[in-house]
Structure formats: structure tokens, C-alpha cells
Amino acid sequence: MARKMVIKILNDVLNENVEVFEGQNGQEAFDLYKEHLPEIVFLDLTMPVMNGFEALSKIKEFDKNAKVVIISADIQKLSMEKASQLGAFNFIKKPIDLAKMEQILNKIAELDK
């Protein structure tokens with residue numbers, strides 16, 4: 001359900017259909033990243049097989065320039081700090097805030113210019 005919401009918001013904010021690759025766990029997210037090298041990755045922290053911190057770490061080891069945004073209900077300061085230390089581009093609290101998503105996507109677009 002959360003993944004479908006992210007896709008809907010992305011399509012609404014960008015006003016276009018975007019190509020999305022979905023993983024059901026952190027390992028799949030990492031494998032998909034290596035295969036497709038997407039412009040941006042959205043990760044939850046709580047996932048089976050490999051959690052979001054581990055997936056973030058592996059993605060950043062593979063590609064230090066990867067733009068990874070954490071979307072999580074875990075908004076504890078320690079979790080946010082750890083995600084930042086591991087190289088997360090930003091952190092979005094669940095439920096997803098449309099304005100925050102738009103702000104992050106605009107920031108990424110500016111970097112890519």
C-alpha cells in the first residue's frame with residue numbers, strides 16, 4: 001500500500017507517469033538499484049530480508065552518488081541521524097506529505113541541472 005501511495009504521489013507531483021521498480025525487501029531494492037541505476041530511491045527502514053539501513057548502506061557503497069530518500073514511520077532522532085550518516089538524501093515521515101515530496105523532488109532536480 002505504501003509503495004502504491006509513493007507512485008501515485010510521484011506521478012501527481014511530476015505530472016507524468018514515471019518508470020518505477022518495486023522491491024519487496026531491502027535485498028530486492030539493492031538488486032534493482034544495481035540493475036537499473038534509478039535517479040532516486042525511496043526506502044522504508046522496516047523491511048524483511050535486509051532492512052532499510054542495510055539497503056541504504058549497500059546502495060551508497062555501490063554508488064556514492066545515489067539519491068536515497070527514506071520514507072518511514074520511525075521518526076526517532078537516532079534513526080534519522082543514522083540514515084543521514086549512511087548517506088540518505090532526505091527523510092520523509094509516514095504518512096507521506098505531498099508538499100515534502102515536492103520539495104525533495106525539486107531539490108533533486110536542481111542538483112541534476
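These values consider heavy atoms only, across backbone and side chains, with no hydrogens, waters or symmetry-generated copies. Note that the numbering runs from 1 along the sequence shown for the chain.
- The distance from atom CD1 of I70 to atom CG of L45, rounded to the nearest 0.5 Å, is 5.0 Å.
- When the shell of 6.0 Å around NZ of K67 is examined, it contains more than 12 heavy atoms from other residues, nucleotides or ligands.
- For K34, the NZ atom counts as densely surrounded, since its 6.0 Å shell holds more than 12 non-hydrogen atoms of other residues, nucleotides or ligands.
- Exactly one of V41, L86, D63 qualifies for a side-chain contact (heavy atoms from CB on, under 4.5 Å) with V68. That residue is V41.
- Cluster membership check: L98 shares its hydrophobic cluster with V20, using side-chain heavy-atom separations under 4.5 Å among Ile, Leu, Val, Met, Phe, Trp and Tyr.
- Linking Ile, Leu, Val, Met, Phe, Trp and Tyr whenever their side-chain heavy atoms come within less than 4.5 Å leaves L32 and I59 in two separate clusters.
- The two residues G26 and A55 have their closest heavy-atom pair at O-CB, 3.7 Å.
- In terms of heavy-atom proximity, P48 sits nearest to N25 at O-CB, 3.0 Å.
- For E28 (side chain) and Q24 (main-chain N/O), a donor-acceptor pair under 3.5 Å exists by modelled atom type.
- Using cut-offs of 30° and 60° on the angle between ring planes, the pair Y33 and F62 is perpendicular.
- Between the side chains of E102 and N106, not a single donor N or O lies within less than 3.5 Å of an accepting N or O.
- L37 and F30 fall within a single hydrophobic cluster, where Ile, Leu, Val, Met, Phe, Trp and Tyr side chains are chained together by heavy-atom contacts under 4.5 Å.
- Atom CZ in F53 sits 10.5 Å away from atom CE in M47 (nearest 0.5 Å).
- Taking CZ of F91 as the start and CG of L43 as the end, the distance is 11.0 Å to the nearest 0.5 Å.
- Residue pairs meeting the side chain to side chain donor-acceptor pair (under 3.5 Å) criterion with at least one partner in residues 38-49, sequence neighbours excluded, are D44-K94.
- Rounded to the nearest 0.5 angstrom, H36 NE2 and D31 CG are separated by 10.0 Å.
- At least one side-chain heavy atom of Q103 sits less than 4.5 Å from a side-chain heavy atom of K100.
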- Item | Audit row: K77, M80, side chain to side chain contact (heavy atoms under 4.5 Å, CB included) steps and yes/no | CA-CA 5 Å; K77 187 176 179 186; M80 293 170 73; 5.8 Å; no

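- With rounding to the nearest 0.5 Å, the separation of CG in N90 from CE in M101 is 10.5 Å.
- Here the CD1 atom belonging to I40 is positioned 7.0 Å from the CZ atom belonging to F89, to the nearest 0.5 angstrom.
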